[in-house]
Amino acid sequence: MTKVRTAVFPVAGLGTRFLPATKATPKEMLPVVDKPLIQYAVEEAADAGIETFVFVTGRGKTAIEDHFDMNYELESVLKERGDDRKLNSVTDFRPNSGEIVYVRQVRPEGLGHAVWCARHAIGDDSFAVILADDLLLPSGLALRSMIEEHERTGANVVLVQDVDPADTGKYGIVTPGGATDTATVVSDIVEKPSPEDAPSTLGVIGRYVFHRSMMDELASTGRGTGDEIQLTDAMAASLSSRPLHAVTNPGRRYDCGTKLGMLEATVTVALERDDLVDDATTVIRQALEAGTDRRQT
Ligand code: G1P
């Protein structure tokens, strides 16, 4: 079994749920407090031992590439000012030259298609897939246990958590077929079923660890839900040749693809930061009181 050292970040999506903010800014660059979602995702991957970061990008996403490049002007100004804290904040997380690979998805044709676009960058190795709009904390915890599961068993691995029964139409949903000490053995998986058709409430959240053969499955996957090439359909097809294990999320997940999830992540992260907790508590309290007053008048 090859070690998992590469992660694929599909970042070509349009981000229509956050318009107008995402008209000219990639959704992956939206910040939670002061850090863009994509930086959380890259740091999480690095925390889990990932060494090569493959971005599947597209039109209008150059801000992501710029974010991970050196900004000479900014860095020399911060150096001159002796502002080490700010300087470190723009240099610490940066992968080295050659550790980030950019591939283009020419047309948006679905998540499965986006992952397949990374096939040449993956080579013959197993790989992780990270969807940056699912923010997972503590950083690296879930991905590390998924990588361990894959390296120990050879199974493809997805991360799941129990979702509201009314929300099955937002997720890939797995059918549990058995269990090991560390994972649920998946007997089927379906993309975004209605609550009436959902086989369970175990929803896939945006972390995957795959054997290289998933790329071959994707190559022969036709269009599915939403007329897109779905990663979920390739996973369903792979069940006949390789087991699929679902690891239950051991930490917290914020759905930053939605406005409320973004708000929840922002409030939570602010309250967890030593430099912000006191002031954040005050402004949140004041906003709640003002909101109550407004509702009463
Ligand atoms: C994608 C996947 C879905 C998964 C979800 C997790 O859907 O297709 O199976 O449950 O990510 O966030 P999307 O949210 O891109 O519509």
Side-chain angles (χ1 to χ4, degrees), residues 7-19 22 26-28 30 32 37-38 40-41 44 56-58 61 105 108-118 128-137 142-143 146 156-176 184 186 188-195 197-210 214 217-218 221-239 244-249 251-262 264-265:
V8 176
F9 301 79
V11 293
L14 290 176
T16 52
R17 269 184 286 195
F18 269 103
L19 285 170
T22 48
K27 65 172 176 167
E28 297 79 9
L30 295 179
V32 170
L37 287 171
I38 190 65
Y40 283 96
E44 175 194 333
V56 181
T57 180
K61 299 283 184 164
Q105 184 184 27
E109 297 191 63
L111 178 59
H113 181 262
V115 172
W116 177 74
C117 289
V129 175
I130 297 184
L131 307 187
D133 50 14
D134 277 326
L135 172 60
L136 299 193
L137 296 173
L143 190 58
M146 295 171 73
N156 291 315
V157 183
V158 285
L159 190 66
V160 294
Q161 71 182 34
D162 217 18
V163 300
D164 187 324
D167 283 345
T168 55
K170 296 181 184 166
Y171 299 93
I173 301 286
V174 303
T175 306
T184 300
V186 175
D188 202 1
I189 182 166
V190 56
E191 180 69 3
K192 303 194 171 118
S194 63
D197 297 332
S200 78
T201 52
L202 280 182
V204 173
I205 51 186
R207 301 292 181 278
Y208 311 80
V209 178
F210 294 136
M214 190 59 73
E217 296 291 357
L218 283 166
T221 300
R223 284 166 189 279
T225 306
D227 199 29
E228 294 189 333
I229 297 172
Q230 296 291 350
L231 187 54
T232 297
D233 293 343
M235 286 193 276
S238 75
L239 285 167
L244 177 62
H245 287 184
V247 166
T248 301
N249 184 17
R252 292 171 282 137
R253 171 244 185 187
Y254 301 94
D255 181 1
C256 294
T258 68
K259 295 176 185 69
L260 263 189
M262 192 65 158
E264 187 187 8

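Just so you know, ligand 1 is whichever comes first in the structure, and atom 1 is the first atom listed for that ligand. Numbers for residues simply follow the sequence, beginning at 1.
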- Taking the side chain as every heavy atom from C-beta outward, state whether Val32 and Leu135 have any pair of such atoms under 4.5 Å apart. yes
- Give the residue, atom name and distance (to 0.1 Å) of the protein heavy atom nearest atom 6 (C) of ligand 1. Val204 O, 3.4 Å
- Task: Report yes if Ile205 has an N/O atom closer than 3.5 Å to an N/O atom of ligand 1; otherwise report no.
- Result: no
- With distance as the sole test, does Lys27 use its side chain to make a donor-acceptor pair with the main-chain N or O of Cys256 at under 3.5 Å? no
- Any side-chain heavy-atom pair from Thr184 and Val247 closer than 4.5 angstrom? no
- Hey, does Thr232 have a side-chain heavy atom less than 4.5 Å from the side chain of Val204? no
- Task: For atom 8 (O) of ligand 1, grab the closest protein heavy atom and report residue, atom and distance to one decimal in Å.
- Result: Glu191 OE2, 2.6 Å
- Item | Backbone or side-chain N or O of Tyr208 under 3.5 Å from ligand 1 N or O | no
- Does a side-chain heavy-atom distance below 4.5 Å link Asp188 with Val174? no
- Message: Side chains of Thr201 and Ile173, heavy atoms from C-beta outward: is any pair under 4.5 Å?
- Response: no
- Query: Counting both backbone and side chain atoms, is some N or O of Arg17 under 3.5 Å from an N or O of ligand 1?
  - Reply: no
- Task: Compare all side-chain heavy atoms of Val209 with those of Leu143 and state whether any distance is below 4.5 angstrom.
- Result: yes
- Of the backbone atoms (N, CA, C, O) and the side-chain heavy atoms from C-beta on, which set of Asp133 has a member under 4.0 Å from an atom of ligand 1: side chain, backbone, both, or neither? neither
- Shortest protein heavy-atom distance from atom 11 (O) of ligand 1, along with the residue and atom involved: Leu131 CD1, 3.4 Å
- Any chance the side chains of Gln105 and His113 put a donor and an acceptor closer than 3.5 Å? yes
- Message: Taking only non-hydrogen atoms of Thr232, do any sit less than 4.0 angstrom from ligand 1?
- Response: yes
- Item | Sub-4.0 Å protein heavy atom next to atom 16 (O) of ligand 1 | yes
- Message: Any nitrogen or oxygen of Lys192, side chain or backbone, less than 3.5 Å from one on ligand 1?
- Response: yes
- Check: Leu111 N/O within less than 3.5 Å of ligand 1 N/O: no
- Item | Top protein contact for atom 12 (O) of ligand 1, by heavy-atom distance | Asp134 OD2, 2.9 Å
